[in-house]
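A short write-up of the structure that comes next.
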Amino acid sequence: MRSLRRRGRSTFLSVVAMVVALGGCALAADPPAPEVGGKESAAPAPAAATPAADPALHDLLPERIKSAGVIRVASNIPYPPWEMYTTAGGQQPTGIDYDLSQALAAKLGVKASFDQTAFDSMIPAVLAGKADIVMAGIFDTPKRRESLSFVDYAKDGYSLLVVKGNPQGLKDVTDLSGKTVAVQSSTSEEAAMSKLSKRFESEGKPGVTVLAFPGDSEAFLAIKSGKATARVQATSAAAYAAKTFEDGKAFELVEAPSITAEFGGGMEGIGVPKADTELRTALQKALQALMDDGTYLKILSRYGVENIALTKAEIDQGTD
């Protein structure tokens with residue numbers, strides 16, 4: 001997942017098309033399977049039925065949300081499987097965060113808009129009142145909790161995404177010494193990679209050349225073109241890319257405890273302004289209801305990431 005998260009064209013456009021066209025669909029209905037690398041990608045399993053509204057949960061919402069009838073969600077697309085578009089060049093979002101936002105809103109008796117926002121502008125947009133919450137696969141960290149509270153909804157680690165066959169034989173975080181690594185700019189991965197590079201240098205080893213890109217598609221392209229050896233990414237997102245790009249023939253994962261230990265991992269959450277306790281409580285209770293009735297797990301299952309599921313919706317349980 002992203003840390004504030006967390007993007008490929010046979011030219012630049014074809015690789016971007018692969019990223020944004022990764023299999024997915026809206027909660028209510030599944031569109032035809034999009035094409036990935038010129039071949040059809042298997043569509044996720046059918047979505048769970050839209051949950052019924054709970055009047056008691058609706059009553060917990062702030063008056064402004066009740067009056068507007070909508071929760072405005074700031075997100076950053078694409079970041080498969082968390083958020084993406086159903087087709088390359090399309091406008092219909094899909095993914096874990098989109099599906100879950102729609103289910104949460106339905107349970108609360110309102111709707112949810114899902115608004116594309118620049119990654120480093122998502123939290124400022126919420127703090128400025130231009131959006132109500134952030135759902136973008138971001139980690140719940142102490143730094144972010146200075147301005148937001150988090151309703152935690154998944155637990156994830158970190159892995160390296162490399163080209164299929166892992167030609168440079170990466171096994172753990174120590175193998176990044178002397179390598180070029182792609183990251184998304186303004187993320188904790190970028191800061192952690194810079195720190196790791198300095199540590200290598202202090203130990204008399206070659207540092208890391210960091211290539212920072214504004215989106216995941218550019219980072220994927222850097223690996224695929226050989227400009228970067230690896231991409232540091234949350235395991236859920238990296239695993240989905242390895243599984244779906246070119247029918248699983250483009251990338252593979254390198255997993256090791258040292259990678260998660262170096263880059264963090266932990267709880268990912270829905271970001272809510274700290275002062276907005278009514279909305280936070282309503283979301284927490286609605287999420288717990290979706291966990292209890294099976295809707296939440298069905299959403300994760302359709303994207304193949306059941307292993308990140310939680311059983312209890314808690315507040316601000318992330319670590320640094």
Salt-bridge criterion met for R199 and E262 (N-O under 4.0 Å):
yes
Give the minimum heavy-atom separation between A103 and P51, together with the two atoms involved.
O-CG, 3.4 Å
Is the number of heavy atoms from other residues, nucleotides or ligands within 6.0 Å of NZ (K66) greater than 12?
yes
Under 3.5 Å, sequence neighbours excluded: what are the donor-acceptor pairs made by side chains of residues 121-138?
residue, atom, partner, partner atom, Å
D132, OD1, R64, NH2, 3.3
D132, OD1, R72, NH2, 3.1
D132, OD2, R72, N, 2.8
D132, OD2, R72, NE, 3.1

Return yes if a side-chain donor-acceptor contact under 3.5 Å exists between S75 and D97, otherwise no.
no
Can you confirm whether the side chains of T94 and Y303 place a donor and an acceptor under 3.5 Å from each other?
yes
Check for me, please, whether I315 and I71 land in the same ILVMFWY cluster - side-chain distances under 4.5 Å, paths through other members count.
yes
Could you check F200 against L176 for side chain to side chain contact (heavy atoms under 4.5 Å, CB included), going step by step and ending with a plain yes or no?
CA-CA 9 Å; F200 283 152; L176 295 178; 4.3 Å; yes
Could you label the plane-to-plane angle of the Y158 and F263 rings as parallel, tilted or perpendicular, counting under 30° as parallel and over 60° as perpendicular?
tilted
Going by atom types alone, do S185 and E190 pair a side-chain donor with an acceptor below 3.5 Å?
no
Beyond-backbone contact of I77 with Y85, side-chain heavy atoms, under 4.5 angstrom:
yes
Identify, with sequence neighbours excluded, every residue that meets side-chain hydrogen bond (donor to acceptor under 3.5 Å, both in side chains) alongside Q284.
none
Do you know the tightest heavy-atom contact between A282 and L60?
CB-CB, 3.9 Å
Return each pair, listed once, that meets salt bridge (charged side-chain N to carboxylate O under 4.0 Å, His left out) where at least one residue sits in residues 283-297; pairs must be two or more places apart or across chains.
K107-D293
Note: K312-D152 ion pair, threshold 4.0 Å (strictly below)
no
Could you verify whether a donor N or O on one side chain and an acceptor N or O on the other, from D115 and S113, lie under 3.5 Å apart?
yes
Going from CD on E314 to CD on Q288, what distance comes out if it is rounded to the nearest 0.5 angstrom?
8.5 Å
Run the ring-ring contact (aromatic ring centres under 6.0 Å, His included) test on Y296 and Y153 for me, step by step, so that the C-alpha distance in whole Å, both residues' side-chain angles and the decisive distance to 0.1 Å come before the verdict.
CA-CA 9 Å; Y296 161 82; Y153 65 119; 7.7 Å; no
Looking at F139 versus F150, is the centre-to-centre ring distance below 6.0 Å?
no
